[in-house]
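By convention in this document, chain letters (A, B, ...) are assigned in the order of the sequence lines, proteins followed by strands, and residues within each chain are numbered from 1.
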Amino acid sequence: MDGNASGEDYENIDWDTEDELEIQNIAPSSSLVTRNAEVIVGNGEASSSAGPSNSNLLQHFLGMGFSEQLIVKAIKENGETNTESILESLLTYAALEDSPDELNPCHLNSPQQQQCVDNGQLSSDYDESFLDDLSESDSWSGSEVAEIASSLPEHEKVLLSLANMGYTVEEASAAVARCGPEASIAELTDFIGAAQMAKTEDVFFEEEKPKISLANGGLKKRKLYELEMWKRKKRKGMLNEEDDVLRLPNPMIGFGVPTDAMVVTHRTLPEAAIGPPFFYYENVALAPKGVWDTISRFLYDVQPEFVDSKYFCAAARKRGYVHNLPIHNRFPLLPLPPRTINDALPLTKRWWPEWDKRTKLNCLQTVIGSARLTDRIRKALEKWGDDPPLHVQKYVIEECRKWNLVWVGKNKLAPLEPDEFEMLLGFPRNHTRGGGISRTDRYKSLGNSFQVDTVAYHLSALKDVFPNGINLLSLFSGIGGAEVALHRLGIPLKNVVSVEISEANRDIVRSWWEQTNQKGNLIHLADVQQLNGDRLEQFMGSFGGFDLIVGGSPCNNLAGSNRVSRDGLEGEQSSLFYDYFRILDLVKCIMNKQQ
DNA sequence: AATACAATGATGGGGTTT
DNA sequence: AAACCCCATCATTGTATT
């Protein structure tokens, strides 16, 4: 396995854990069904013969825009009592069965944007809020939520509830205005549903606003998030120990890493997930609870592959990858990059004190440690000789880990340089240098990027499949981690449609494209939200479909370092995930049609 | 020299898992 | 309890433009 001599690499590896089983061959999307297996059997008969006794329930889901047929099916499967499971099933049906040919290029987290063949409407991920709303007002009387909710005026509570169900504040406000302030949630959703079905939104709502913009409501996002947290807790308590939430594997090696025997060589993908096209989605592994469940549910119930790039290079990078790629015949890029700090940054060895036991760097982020910090540390160390006392050592090590500092002189620590970022992440030297990009922007772009060796290892399975090269749709391309990975794998890039909002990043990729003498075509677009079915069909018509769709959507609102707006998947930037899904689903449909 | 804007520097918490 | 984290904001400094 690990050919490297330094034994410290194994420190965190728990070889005989059983966790690794969790991410693998578990039958996909079984949780919804198996969890309520007994309910299905028990209630199925009664429901099918007599229909739902609770017509209120039916009405309610109708009001949300789901078709009667689907609702009955969902109630059959889940029983009448478990409204949450019903909604979950409805969402799943909608996500899997919709023909989204004519989905608008806007966010799917708002039911307004859903156009389904059967009039079904997707709601957002906020299934738990629905339960609260059905069980009416006393759900607000919990002592915990009281502090949060009590600070809100009554009408804002209602707006918040609706927002949590995926409606925009505009929709919610319009509904309240029409139905009156005393209207129940059910009435309001009925109104909105009717408005949507009539497709006369514009009469009621000025213009489609894809995001749940709480600015208008005067609510702080912070409160929304706290409320979410509380509800999740509450749900856990109510349904006692739901263990269908994804858990992170340990060790985080996915289906295997080059230095390790492949733990799994085969998996069964859900039917709906199978290509063409192949797809590859990436985001941070340590997202708020429930985020990966949602991502997985949207991406055809494919279980994420969680991998830490510390098994590929000298820096940690814990990421989840949802993809439908083959997982046999993987191979790494050569030469294998250095996998310890020592090997990656040999000049630091001379100054590395024996009491700093680190062999791997932590995750390379978008910002670096300050000069003042390293100055403080130097002064603290200079007071002592070669052997500082334990409490000083502890302080220094703590700051080193927090800021990824390395030793560059006696008592002298420093953050990594941008070119060291490039090297550790597997990019060619000076990939992000020059051409008008600032130093801080380099850090930002690199910190947001793929680790090339890791991604290349996963994509390597495609080399045999596409010996003549591929057509690539690259969303949220950034500095082109996927493109670089494919190029280094020797997979020719025929046509690349690359969507990236940052001009600086587009410049970097274009410059790389020219410097590496690419033979194919590079088409750059700026905004995923502008990429609609017409554009896609145009591209796909000209070169015959995409072979691979890669993308890592923004993690701003998921990342742990964000202390201000860690709002989850519905956050301002991170909700662009739904555009990844939208575009992927569009491409799938178009390709099916063309066959 | 005054101004506008871009780049940099410093600071600050908490959710989650082990 | 400890460790970790593709960060946002604002004050300050640097640079270009008038």
Side-chain angles (χ1 to χ4, degrees), chain A residues 11-14 17 19 22 220-222 225-226 228-230 232-233 236 245-252 281-292 306-310 315-321 357-358 360-376 394-395 397-404 415-416 418 421 424-425 427 432 436-452 454-455 476-479 481 500 502-505 551-568 571-574 576-577:
Chain A
E11 53 193 355
N12 294 327
I13 306 182
D14 182 9
T17 180
D19 287 348
E22 294 185 273
K220 289 210 202 95
K221 286 180 192 163
R222 193 71 220 154
Y225 184 63
E226 282 171 10
E228 279 316 307
M229 287 293 94
W230 174 82
R232 291 208 171 105
K233 267 199 255 168
K236 239 185 181 173
V245 285
L246 290 173
R247 296 199 51 184
L248 296 179
N250 185 10
M252 200 178 275
Y281 174 81
E282 179 262 8
N283 216 322
V284 292
L286 286 84
K289 272 185 179 169
V291 165
W292 276 107
F306 291 106
V307 182
D308 189 337
S309 291
K310 76 178 178 184
R317 205 167 188 79
K318 298 181 183 65
R319 296 292 180 271
Y321 305 90
K357 305 291 187 193
R358 289 177 299 157
K360 302 276 189 187
L361 293 161
N362 274 334
C363 184
L364 275 49
Q365 302 195 83
T366 55
V367 290
I368 60 169
S370 67
R372 187 170 293 185
L373 172 66
T374 53
D375 190 49
R376 277 200 300 268
K394 190 176 175 226
Y395 159 71
I397 293 294
E398 202 176 296
E399 296 298 324
C400 283
R401 302 179 97 103
K402 188 191 297 181
W403 292 105
N404 253 345
L416 295 169
F421 267 51
L424 289 164
L425 291 172
F427 287 93
T432 60
I437 190 171
S438 73
R439 189 179 159 84
T440 41
D441 283 345
R442 286 181 79 186
Y443 282 118
K444 181 163 289 183
S445 294
L446 286 161
N448 283 320
S449 166
F450 287 166
Q451 206 286 328
V452 170
T454 310
V455 172
F476 315 101
S477 303
I479 58 175
E500 167 58 37
S502 153
E503 186 181 2
N505 285 345
S553 62
C555 69
N556 298 23
N557 312 113
L558 310 180
S561 305
N562 187 346
R563 323 169 185 211
V564 182
S565 55
R566 197 183 186 190
D567 299 329
E572 187 177 355
Q573 287 83 25
S574 294
L576 289 171
F577 158 74

Could you please name the option among C/dC4, C/dC5, B/dA10 that lies closest to any side-chain atom of A/R401?
-> C/dC4
Rounded off to whole Å, could you give me the CG-to-P distance for the A/D375 and B/dA10 pair?
-> 9 Å
Closest nucleotide among C/dC6, B/dA10, C/dA8 to the A/S565 side chain | C/dA8
Which of residues 436-444 of chain A have a heavy atom under 4.0 Å from DNA chain B?
-> A/S438, A/R439, A/T440
Heavy atoms under 4.0 Å, any strand shown: does A/S445 hit a base, just sugar-phosphate, or nothing?
-> nothing
Output the single nucleotide from C/dA2, C/dA8, C/dC6 whose closest atom is nearest the side chain of A/N556.
-> C/dA8
A/N562 has an atom CG; how far is it from atom P of C/dC5, in whole Å?
-> 15 Å
Only counting residues at least two apart or in another chain, list the ones meeting salt bridge (Lys or Arg N to Asp or Glu O under 4.0 Å) with A/K394.
-> none
Quick one: the dot-bracket string of DNA chain B, using Watson-Crick and G-U wobble pairs with both distances under 3.5 Å, [ ] for crossing pairs and | for bases paired to another strand.
-> ||||||||||||.|||||
Base, sugar-phosphate alone, or nothing: which one does A/C363 contact when heavy atoms must sit under 4.0 Å apart?
-> sugar-phosphate
Sugar-phosphate, base or nothing in reach of A/Q451, heavy atoms under 4.0 Å | nothing
Minimum-distance nucleotide (side-chain atoms of A/K289 versus B/dT17, C/dC6, C/dC5) = B/dT17
State the CD-CD1 distance between A/E399 and A/I397, to the nearest 0.5 angstrom.
-> 11.0 Å
Length of the CD-P vector between A/E398 and C/dA3, whole Å | 6 Å
Counting any heavy atom closer than 4.0 Å, what does A/G552 reach on the DNA or RNA strands: base, sugar-phosphate only, or nothing?
-> base
Against the side chain of A/K318, the closest entry in B/dT18, C/dC4, B/dT16 is C/dC4
